[in-house]
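We name chains A, B, ... by the order of the sequence lines, and we start the count at 1 in each one.
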There are 2 protein chains.
Amino acid sequence: MQLRSHDHNKCIEAAVNAARDICHRRETRFTPLRCKVLELVWNSHAPVSAYELLDMLSQEGRKRAAPPTIYRALDFLIEEGLVHRLESLNAFIGCPDPAHKHQGHFLICRTCRTVTEVNDKKLIARLTKAARLQGYSCETSMVEIVGLCVECQN
Amino acid sequence: MQLRSHDHNKCIEAAVNAARDICHRRETRFTPLRCKVLELVWNSHAPVSAYELLDMLSQEGRKRAAPPTIYRALDFLIEEGLVHRLESLNAFIGCPDPAHKHQGHFLICRTCRTVTEVNDKKLIARLTKAARLQGYSCETSMVEIVGLCVECQN
DNA sequence: TTTTTTATGATATGTTATATCTTCTCTTTC
DNA sequence: GAAAGAGAAGATATAACATATCATAAAAAA
């Protein structure tokens with residue numbers, strides 16, 4: 001895994017606290033369900049699918065939820081910038097820096113499936129430029145790079 | 001549409017001829033079905049979904065084909081670099097430059113849905129660099145930029 | 001407290017994709 | 001040319017991902 005042994009509970013806790021704080025400031029509702037889903041998304045640093053989240057929810061003792069339950073929660077979390085969607089994997093991952101909303105750009109390790117978010121100003125500049133060269137504007141950009149993470153290269 | 005009035009039959013014909021040539025050189029089989037699917041993909045400069053292709057195939061007088069038929073043809077065409085997959089749209093588009101295999105990077109117009117392929121060396125360099133900065137290698141990269149094309153900006 | 005709004009539950013269905021087994025059609029070999 | 005083998009396509013079933021819609025509940029506003 002990308003992040004060597006670390007206290008992952010702290011990751012989850014930090015994400016939840018940040019989310020609560022952000023939603024409070026924005027006066028959006030960080031309900032118990034949304035909180036729970038965010039925790040589940042943060043269960044690992046690997047992306048997770050909607051139906052995996054659904055299974056996890058069931059194992060929390062709740063009655064089996066239906067797909068819209070999870071998709072609605074994910075929609076909210078994505079809208080608030082707390083979670084990103086990985087288009088090439090149909091999967092979701094927590095945003096490590098939700099304070100300012102942004103489009104996520106990702107590095108995906110092909111062997112351990114760990115995903116790392118990139119925040120590269122020059123990359124964003126180049127994406128905008130590449131679009132402009134063809135006369136397009138750049139409103140949002142999906143970038144998903146597949147390769148090997150540091151660990152898996154050894 | 002991105003490309004103003006043009007003889008689109010020429011686009012299709014050129015794509016098919018290039019494909020036939022490439023497959024012949026590589027000794028891979030450009031069968032009638034694969035050829036037909038490539039033509040259908042090239043019916044427009046907008047991306048097309050697998051099930052749309054399936055519908056189009058049916059309207060060609062053939063007996064209704066099953067999904068694996070189209071997915072297998074698409075897998076072949078993608079493998080040969082004749083078609084690209086747009087991850088964010090679950091759709092497919094013909095490659096305008098199939099002579100050398102490459103990962104496509106795309107500009108997607110949010111209003112007319114026209115897609116233009118980008119080939120920007122500096123962008124590729126920056127993607128590689130962004131990955132390396134985090135210790136990742138860059139094997140393939142998916143880039144899909146959504147904005148407005150020249151026409152739709154007016 | 002009543003009204004209104006927003007979130008969640010429940011049911012059904014739509015959309016995208018693959019696994020698997022069979023049949024057909026070439027190509028190779030004898 | 002016939003038999004064997006390989007690869008492509010057909011057929012069936014089902015898996016995986018996602019949304020529409022209506023009902024109910026909970027929270028906020030009036």
Between the side chains of A/K36 and A/E39, is the shortest nitrogen-to-carboxylate-oxygen separation below 4.0 Å, so that they form an ion pair?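 Between A/K36 and A/E39 there is a salt bridge, with a charged N closer than 4.0 Å to a carboxylate O.
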
Salt bridge present between B/R64 and B/D55 (N-O < 4.0 angstrom):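 Answer for the salt bridge query: yes.
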
Round to a whole Å and report the spacing from CD1 of B/I78 to P of C/dT16.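 Rounded to whole Å, this separation is 15 Å.
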
To the nearest Å, how far apart are B/K36 NZ and D/dA9 P?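 The answer, rounded to whole Å, is 14 Å.
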
Indicate the ring-plane relationship of B/H45 and B/H6, choosing parallel, tilted or perpendicular according to the 30° and 60° boundaries.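 Tilted, since the angle between the ring planes falls between 30° and 60°.
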
Classify the ring geometry of A/W42 against A/H8: parallel below 30°, tilted from 30° to 60°, perpendicular beyond 60°.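 Rings of A/W42 and A/H8: tilted, as their planes differ by 30° to 60°.
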
base_contact_polar (D/dG7 base, B/R72 side chain, donor-acceptor, <3.5 Å):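 Check fails, no donor-acceptor contact within cut-off.
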
Any donor-acceptor N/O pair under 3.5 Å between C/dA19 base and B/Y71 side chain: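 No such pair is found, so the answer is no.
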
Does a side-chain N or O from [X] land closer than 4.0 Å to OP1 or OP2 of [N], or not?
{"X": "B/N90", "N": "C/dA17", "result": "yes"}
{"X": "A/R85", "N": "D/dA18", "result": "yes"}
{"X": "B/T31", "N": "D/dA9", "result": "yes"}
{"X": "B/T69", "N": "D/dG10", "result": "yes"}
{"X": "B/R34", "N": "D/dA9", "result": "yes"}
{"X": "B/R29", "N": "D/dG7", "result": "no"}

[X] side chain, from C-beta outward: closest of [options]:
{"X": "A/A66", "options": "C/dT16, C/dA17, C/dA10", "answer": "C/dA10"}
{"X": "A/F92", "options": "C/dA17, D/dA18, C/dA12", "answer": "D/dA18"}
{"X": "B/Y51", "options": "D/dT12, C/dT16, D/dC17", "answer": "C/dT16"}

Which residue, B/L33 or A/D75, contacts DNA chain D at a nucleotide closer to its 5' end, judged by nearest heavy atom?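 Closer to the 5' end of DNA chain D: B/L33.
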
Taking atom types as modelled, find out whether A/S88 and A/E144 have a side-chain donor-acceptor pair closer than 3.5 angstrom.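 Their side chains do contain a donor-acceptor pair, which is all the 3.5 Å distance test asks for.
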
